[in-house]
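Quick notes on the structure that follows.
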Amino acid sequence: MKYEAIKSELFIKNRKNFADKMVSNSLAIFNSNDIYPISADSTLPFAQHRDIFYLSGVDQEESILVLFPNAPNPEHREILFLKETNDHIAVWEGAKWSKKEALEKAGIETVYWLQDFEKTLFSLMQQADGVYLNTNEHYRANIETETREARFIKQFKQTYPAHNIYRSQPILQRLRSVKDQIELDLMQTACDITNKGFRRVLEFVKPGVMEYEIEAELSHEFLRNRSKGFAYTPIIGSGYNACVLHYIENNQECKDGDVILLDVAAEYANYSSDMTRSIPVSGKFTDRQKDVYNAVLRVKTAAAKLLVPGTIWAEFHIEVGEIMTKELIGLGLINQEDVDKQDPKWPAYKKYFMHGTAHHIGLDTHDYGILTEPMQANMVFTVEPGIYIPEENLGIRIEDNYVIQEKGVPINMMGNIPETVEDIERLMAK
Ligand code: GLY
Ligand code: MN
Ligand code: MN
């Protein structure tokens with residue numbers, strides 16, 4: 001792994017928090033992700049399932065975590081099953097976690113090799129009344145492939161049909177959405193790496209550069225700072241491309257007079273940052289671009305102030321919609337009549353701002369969190385308003401990541417990343 005070791009204290013605490021929510025005499029099982037095949041012997045780079053990572057820090061394939069807080073044998077209260085390492089594997093694949101490393105990095109004392117999983121589970125299941133299974137219940141999940149976790153669940157339910165089954169997800173969604181200070185520090189590192197990448201881009205961009213050259217500059221800066229790379233597929237859209245919300249081709253030339261929308265951010269230690277900036281190819285915004293930019297920035301600033309304990313996500317979106325409506329009227333894009341006759345289900349502002357304003361962020365870019373429950377301190381949200389005007393070949397979005405505070409306005413983790421028209425123009429002029 002490129003990242004610096006994470007204190008095992010985080011994972012020990014996370015497991016305790018999860019165990020505290022389990023019904024008595026039950027166990028919980030969490031699987032790694034598979035390594036996904038491409039074809040022949042090619043594979044995608046391994047990406048760990050965030051839940052087993054959250055609970056153990058184990059960042060390798062073929063690992064299984066079992067939590068059994070009431071296990072009669074205290075050695076079975078936490079068990080990590082790992083792919084057996086040996087000299088041959090060490091030579092061909094590099095070192096995997098040893099039992100000693102598992103204790104140091106995860107704080108787990110009982111480590112068995114994976115080949116002992118089935119027989120160990122069989123004996124544990126005789127002592128447990130129920131089991132927590134980890135189905136994917138994210139509100140945006142759209143899964144066509146069978147994950148290792150899903151495959152395990154299918155097999156497990158056939159083997160143990162008489163046990164009570166519980167869902168891990170409500171517990172994990174609540175726990176993972178409220179960040180520990182160690183997690184906030186890791187996320188801040190991700191934001192700081194993103195900052196470095198963006199500053200590099202500000203010096204690099206000039207008329208004629210290709211969108212993919214900007215992507216390359218960011219990749220370079222991210223990797224040399226211990227990030228694996230982008231936290232999500234980067235969007236680098238100049239001119240009209242900025243109005244295509246999921247534009248990821250990044251293959252066009254950036255032309256003088258256009259604005260480039262950059263939704264580009266680094267991961268660090270599996271934690272995401274999620275930033276958007278919109279910059280002029282020439283280094284100077286036109287008056288019209290500046291007006292739209294400042295309208296988006298005002299919406300972002302006003303929206304961020306609404307992120308306080310108690311706020312409900314859906315109500316937040318209604319308020320942001322009202323703020324955006326005023327700005328769009330100010331820009332002459334919609335008028336009062338449009339608003340008076342608008343469909344409440346698809347208000348007039350949606351013509352120019354058609355996506356959500358905020359999502360949880362953490363180990364996943366669109367992180368866990370139960371959106372119907374009130375916001376709490378130490379939740380981290382993006383704020384990302386945008387105005388997209390295809391008829392003007394102009395799309396502007398500004399996106400930062402905010403930590404909700406117990407009292408007062410949230411902290412902007414991206415407060416050091418250039419954002420005002422003046423700062424962007426000044427840094428691009430260098
Ligand atoms: N980059 C993904 C998002 O902004 O939600
Ligand atoms: Mn986002
Ligand atoms: Mn984004």
Side-chain angles (χ1 to χ4, degrees), residues 47 50 138-142 176-177 179 187-188 190-198 201 211 214-215 218-219 221-222 227-238 241-250 259-268 270-279 293 296-297 299-301 303-304 306-307 311 313-314 316-317 320-321 324 350 352-369 371 375 379-388 395-404 410-415 417-419 424:
R50 298 309 194 236
H138 191 270
Y139 66 108
R140 291 170 84 144
N142 176 17
R176 272 185 47 186
S177 58
K179 273 64 180 177
M187 292 180 72
Q188 187 61 58
C191 291
D192 294 345
I193 297 172
T194 299
N195 187 9
K196 289 184 186 172
F198 180 59
V201 165
E211 292 162 352
I214 300 174
E215 185 174 336
L218 288 158
S219 268
E221 197 61 34
F222 292 172
S227 164
K228 256 193 308 210
F230 291 96
Y232 49 88
T233 311
I235 298 170
I236 303 174
S238 56
N241 298 336
C243 300
V244 180
L245 293 181
H246 292 155
Y247 175 79
I248 51 170
E249 298 289 335
N250 307 344
V259 167
I260 318 168
L261 184 153
L262 304 135
D263 190 342
V264 292
E267 71 83 55
Y268 178 73
N270 291 328
Y271 282 85
S272 288
S273 62
D274 186 1
M275 178 201 76
T276 309
R277 291 292 184 269
S278 305
I279 64 172
Y293 190 96
V296 175
L297 189 53
V299 176
K300 198 209 65 154
T301 306
L306 303 172
L307 297 178
T311 296
W313 188 81
F316 162 85
H317 277 87
V320 174
M324 180 59 94
K350 294 259 187 197
Y352 294 101
F353 174 39
M354 59 298 278
H355 58 76
T357 307
H359 54 80
H360 284 276
I361 176 163
L363 278 170
D364 285 289
T365 302
H366 297 155
D367 207 30
Y368 284 1
L371 296 177
M375 293 183 188
M379 286 183 168
V380 186
F381 280 94
T382 64
V383 179
E384 50 182 300
I387 295 178
Y388 310 92
I396 288 177
R397 175 163 71 248
I398 308 173
E399 175 174 24
D400 282 335
N401 305 161
Y402 289 89
V403 191
I404 297 187
I411 289 177
N412 186 355
M413 303 180 98
M414 297 185 155
I417 307 186
E419 179 172 67
I424 287 171

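When a ligand or atom number is given, it counts from 1 through the structure's own listing order. We're numbering straight along the sequence, starting at 1. Atom set for the values below is all heavy atoms of this structure, side chains included, hydrogens, waters and symmetry mates excluded.
- Checked by distance only, ligand 1 and Thr365 stay at 3.5 Å or farther apart across all their nitrogen or oxygen atoms.
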Evaluate His138 against His366 for side chain to side chain contact (heavy atoms under 4.5 Å, CB included), listing each step before the verdict. CA-CA 9 Å; His138 191 270; His366 297 155; 4.0 Å; yes
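- At a threshold of 2.8 Å, the Mn ion (ligand 3) has no backbone or side-chain N, O or S atom of Glu384 nearer than that distance.
- For the atom pair CG (Asp263) and CD1 (Ile248), the distance works out to 11.5 Å, reported to the nearest 0.5 Å.
- Atoms of ligand 1 lying under 4.0 Å from at least one heavy atom of Asp274, given by number and element, are 1 (N), 2 (C), 3 (C), 4 (O), 5 (O).
- Of all non-hydrogen atoms in Met187 and Ser272, the two that sit nearest each other are CE-O, 3.9 Å.
- Close contacts of ligand 1 with Glu399, meaning ligand atoms under 4.0 Å from a residue heavy atom, involve 4 (O).
- At least one N/O/S atom of His359, whether from backbone or side chain, sits less than 2.8 Å from the Mn ion (ligand 2).
- Smallest separation of non-hydrogen atoms from Tyr139 and Asp367: CE2-O, 4.4 Å.
- When distances to the Mn ion (ligand 2) are checked against a cut-off of 2.8 Å, Asp263 contributes no N, O or S atom below that limit.
- In this structure, His366 is part of the shell of residues with a heavy atom less than 4.0 angstrom from ligand 1.
- In this structure, NE2 on His317 lies 9.0 Å from CG on Leu371, to the nearest 0.5 angstrom.
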